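One structure below.
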Amino acid sequence: MASSQLEKTYDPRTVETRWSHEWLTRRYFHASPQQPGRPYCIVIPPPNVTGSLHVGHALNHSLQDILIRWRRMQGRNTLWLPGTDHAGIATQNVVEKQLMTEGLSREALGRERFVERVWQWKATSGNTIVNQQKQLGESCDWDRLRFTMDEGLSKAVLEVFVRLYEDGLIYRGERLINWCPRCLTALSDIEVEHEDTKGKLYSIDYPLAENPSIHLTVATTRPETLLGDTAVAVHPDDERFQHLIGKEVRLPLTNRMIPIVGDALLVDREFGTGAVKITPAHDFNDYEAGERHALPRLAILDHHALLDAAGLRRAGADPTVIDQLQRLPVSKARPKVETLLEERGHLVKVEDHKMAVGKCYRCKTIVEPYLSPQWFVKIKPLAEPAITAVEEGRIRIIPEGWTNNYLGWMRDIKDWCISRQIWWGHQIPAWYCLSCNATHVIKTENRIAILSGASPIVSKTAPASCPSCGGHDLYRDPDVLDTWFSSALWPFSTLGWPEHTEELKTYYPTATLVTGLDILFFWVARMIMMGLKFMGDVPFKDVYIHALVRDAEGKKMSKSKGNVIDPLHVMNEFGTDALRFTLASMASPGRDVKLAEERIEGYRNFANKIWNAARFALMYLDGPRTALPPAQRTFPDRWILSRLAHIIHVVTTELEAYRFDRAATALYQFIWHEYCDWYLELIKPVLQTPEHQDGASTRHTLVETLEATMRLLHPFMPFITEEIWQTIPHQGDSLVVQTYPVVDQAWTSPEVEQHFVLLEHTVGLVRTGRVLLNYPPGQQIAFHIGHDAPDRQLHLDQLQQHITHLSRGQVRVSRPHDWPTTRLLRLIAEGLSVGIPVAEDVDLQKAIERLDKQIAETNKELQRIDGKLKNVEFTSKAPPDVIAEHHGRVQTLSRDRALLADSQQQLRAMLGV
RNA sequence: GGGCGAUUAGCUCAGUGGUAGAGCGCUUCCUUCACACGGAAGAGGCCACAGGUUCGAUACCUGUAUCGCCCA
């Protein structure tokens with residue numbers, strides 16, 4: 001194997017392109033139920049089809065790929081199932097924007113042509129993210145790529161909808177829902193993002209009907225909805241207002257009288273004036289209060305969230321008021337109403353006030369509570385088994401801390417509004433017979449409104465005729481389902497459900513779900529509910545929740561802030577392996593990932609280090625290689641095997657615990673600081689000596705450990721490991737399908753590891769001494785080493801050749817007090833002594849300072865331990881082994897101190913001080 | 001308002017009831033035949049604060065402060 005095969009610096013780009021293509025060609029990632037091994041399946045959280053790979057995906061996908069590649073190498077029947085989500089509102093918005101640039105609109109195109117247009121868009125742009133995923137090296141079974149609007153998945157959606165409807169778990173009804181006046185659709189509760197903003201608290205006088213000179217002062221943050229008030233509430237126990245309950249007030253700006261009610265739930269006596277208005281059609285709390293007191297609902301905003309003239313008329317507003325307010329958006333109506341109230345003497349005061357506004361999670365427009373007929377999932381019956389599954393540990397959430405979050409939300413869950421008034425998505429399989437619903441289906445010029453009392457025919461296929469009247473004039477519900485409805489079915493719909501496929505039998509329940517916290521409720525909770533309902537079993541056993549990726553300052557990445565790290569750019573600059581390793585090493589549970597480019601650069605350097613270790617190995621591989629039993633190998637070989645066994649155990653254990661960060665750190669530490677810094681240095685004398693007696697065995701160990709290390713690292717850094725593995729001696733076609741290393745007990749040797757620590761300390765002291773005395777690295781020096789403990793002294797003797805090599809000098813091992821008493825710098829650590837001769841012209845200042853410092857430190861430490869040992873409480877209560885350890889340390893440190901003092905004295909004498 | 005998490009080296013973060021750790025950055029030295037994307041040696045910390053438990057607390061408990069997240 002010629003060394004010229006590997007360039008001096010690792011160039012990720014060509015390697016990555018070559019292997020990502022090659023792996024796919026060889027179909028290593030293809031899974032089938034017929035394959036041997038215990039199944040291990042992960043379904044990918046399907047990225048939006050509109051998406052392109054951002055760093056959040058990169059984290060999410062890297063972690064999954066690590067798990068998948070690791071399990072595949074362990075011999076499991078591994079399936080990582082990829083796909084994309086049709087992302088109803090998001091995708092519709094993207095295509096609408098595109099239409100706008102062409103001077104077109106959704107409405108102008110009409111529903112059918114618009115949907116066609118979205119499919120077209122999907123065909124050309126929908127694969128962007130998939131290609132980027134392949135670039136990241138994701139070992140998905142791409143043959144099984146799914147899309148939430150695939151034929152099969154759509155069939156699953158229909159099946160689920162109809163069955164839930166038949167079970168009474170889906171219903172249609174008029175409720176107050178969250179409405180985005182820009183997207184013109186309903187949203188579910190969790191699709192609304194709450195944001196604190198500066199607002200005002202208005203105090204408004206409502207005159208008492210029986211005596212207008214008396215006012216009830218009401219506090220509100222939304223005066224513009226005042227015209228829709230249908231009552232005023234006070235706390236029933238509030239002595240200030242108790243006597244008013246049951247009386248009426250005149251609603252300002254209108255001709256209406258509204259009642260004063262007592263409501264302990266709605267009213268906080270401490271807040272504002274202690275009296276609040278009730279506007280059931282425009283506030284969720286008021287809606288519920290309205291239910292409690294059987295109040296009418298008066299809607300005064302239309303679906304664009306503009307003040308509606310017809311609504312205002314119904315609400316009895318003054319004609320002049322209607323004139324001034326109609327067609328105003330909320331933001332303009334609010335100051336206008338303020339002015340009107342002030343002019344008419346109703347406004348008492350206005351204070352600054354912090355308030356939360358809800359915004360559409362897709363377009364950030366302020367959402368309005370809006371009264372309209374919608375479809376809902378009755379969720380409690382579905383939630384209960386989903387709660388139990390987690391409580392009983394059939395699903396494990398990792399880190400555990402999120403379990404309570406999940407349970408709390410599930411126990412307090414509200415019915416799920418699933419209808420969306422958009423066009424892109426699964427159209428609801430419900431039809432209305434126009435003759436049976438004559439009064440409930442209202443056709444206006446460009447809209448058909450289906451009122452809440454309409455009775456739908458729910459069916460997987462379009463009914464030929466109305467089952468009750470036989471009529472053929474059927475109209476399909478225009479609404480589509482919430483995107484998250486289809487993603488809730490993802491773990492089984494992608495495996496072929498409702499058909500009874502081999503895939504379902506083999507891979508369901510899936511093993512692990514890897515996801516960010518942001519979609520725990522959107523997605524994870526709903527998958528659990530649907531999985532339990534339709535498969536009778538949990539959809540996955542472990543849910544691993546990782547953190548959000550933020551920028552180096554900890555800020556959320558966003559295009560508007562310009563702080564986005566583009567993973568593709570990073571992959572291009574530093575290599576995909578470097579990015580993957582960075583993300584893995586930063587994935588500590590419960591903490592957000594603050595990503596800085598320097599960090600990635602550091603792991604790029606790591607990749608290069610590995611690359612050069614491989615180059616080094618290849619340089620010296622010529623010649624026979626012989627496998628000896630571990631116990632018969634050289635000290636460096638035995639040591640690295642022992643360390644390798646240890647690191648295999650650590651990485652495997654940490655991966656089992658989803659501690660990607662610790663597994664990555666351990667690998668980094670082992671490869672760089674043990675394998676490269678020490679092992680490769682230790683074996684150089686053997687490799688560089690032709691015909692060395694240990695040559696064959698050393699070369700074998702070198703390959704054996706390097707090859708195993710590549711396998712161990714492969715899930716984290718698939719590209720560079722594959723490239724190196726292919727270059728060094730190996731058996732098999734690809735690293736992807738090799739077995740993951742397991743610990744060989746014969747490798748482990750605590751004794752050898754102990755000897756190594758002694759070696760490491762000795763070499764460290766010599767190097768320190770070299771710097772202190774300004775001896776250049778190339779200069780050979782003769783020095784003494786020795787140890788307090790006789791057995792250690794013996795070990796030093798055995799290690800002599802290695803110490804010689806690593807410290808570039810001639811070593812004499814002897815008892816420290818036999819050493820010369822002049823012109824010798826003694827360095828001491830825990831019983832170990834190194835003595836370096838001091839040449840004539842050396843500046844001793846540094847050495848003396850160092851000794852001073854160490855003596856001071858040793859004294860301090862001795863004092864501390866001594867203090868403890870003199871404490872009767874400690875000696876009587878601490879465990880004996882701890883006390884013994886303390887005594888041992890006192891002994892060692894005292895001896896160290898004596899020797900250090902001695903050495904210091906010598907040096908001072910040399911200086912003539 | 002409720003819940004959760006964080007606070008450890010200049011920065012980003014691990015960690016443990018008994019000697020405080022890493023990466024990056026910093027200082028000094030070194031182009032030595034794997035690697036300067038490198039090597040060697042260093043500097044740098046009342047482990048947020050105040051109580052408590054304990055022979056012993058950075059770690060366990062309580063409270064405070066600051067920051068962040070989720071929910072309302």
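On a predicted model such as this, the values are computed, not experimentally measured, just so you know. Just so you know, these numbers use all the heavy atoms, side chains as well, and skip hydrogens, waters and symmetry mates.
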In whole angstroms, how far is the [atom2] atom of [N] from the [atom1] atom of [X]?
{"X": "A:E195", "N": "B:A72", "atom1": "CD", "atom2": "P", "result": "15 Å"}
{"X": "A:D661", "N": "B:G23", "atom1": "CG", "atom2": "C1'", "result": "13 Å"}
{"X": "A:F660", "N": "B:C13", "atom1": "CZ", "atom2": "C1'", "result": "18 Å"}
{"X": "A:I883", "N": "B:G56", "atom1": "CD1", "atom2": "C1'", "result": "11 Å"}
{"X": "A:H194", "N": "B:C69", "atom1": "NE2", "atom2": "P", "result": "15 Å"}
{"X": "A:L772", "N": "B:A40", "atom1": "CG", "atom2": "P", "result": "17 Å"}
{"X": "A:E598", "N": "B:C11", "atom1": "CD", "atom2": "C1'", "result": "9 Å"}
{"X": "A:D866", "N": "B:G18", "atom1": "CG", "atom2": "C1'", "result": "16 Å"}

Indicate yes or no: does [X] engage [Y] in a salt bridge with an N to O separation below 4.0 Å.
{"X": "A:E885", "Y": "A:K868", "answer": "no"}
{"X": "A:K860", "Y": "A:E857", "answer": "no"}
{"X": "A:R604", "Y": "A:E573", "answer": "no"}
{"X": "A:E368", "Y": "A:R222", "answer": "yes"}

Summary of protein contacts for nucleotides 25-38 of chain B, nucleotide by nucleotide, where a base hit scores B, a sugar-phosphate-only hit scores S (4.0 Å, heavy atoms): ---------BBSBS

Residue closer to the 5' end of RNA chain B, A:L517 versus A:N404 (nearest nucleotide): A:N404

Residue whose nearest RNA chain B nucleotide is more 5′ - A:S876 or A:R864: A:R864

Chi angles and distances behind the side-chain hydrogen bond (donor to acceptor under 3.5 Å, both in side chains) call for A:T709, A:Y675: CA-CA 10 Å; A:T709 303; A:Y675 197 80; 5.7 Å; no

Pair A:D637-A:Y679, side-chain hydrogen bond (donor to acceptor under 3.5 Å, both in side chains): steps then yes or no: CA-CA 8 Å; A:D637 286 359; A:Y679 177 63; 2.8 Å; yes

Proximal nucleotide (of B:G18, B:U12, B:G15) relative to the A:R659 side chain: B:G15

Listed nucleotide nearest any side-chain atom of A:F521, set B:C55, B:U19, B:C70: B:C70

Flag for A:E191-A:Y361: side-chain donor and acceptor within less than 3.5 Å: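 A donor-acceptor contact under 3.5 Å links the two side chains.
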
Touch class at under 4.0 angstrom, heavy-atom based, for A:R599 against every strand present: base

Sugar-phosphate only, base, or nothing, as touched by A:R770 at under 4.0 Å among non-hydrogen atoms: nothing

Range-with-range stems of RNA chain B (Watson-Crick or G-U pairs under 3.5 Å, three or more in a row): B:1-7 with B:65-71, B:10-13 with B:21-24, B:26-30 with B:38-42, B:48-52 with B:60-64

Within 6.0 Å of CD in A:E400, more than 12 heavy atoms from elsewhere: no

For A:T698, all residues meeting side chain to side chain donor-acceptor pair (under 3.5 Å), sequence neighbours excluded: none

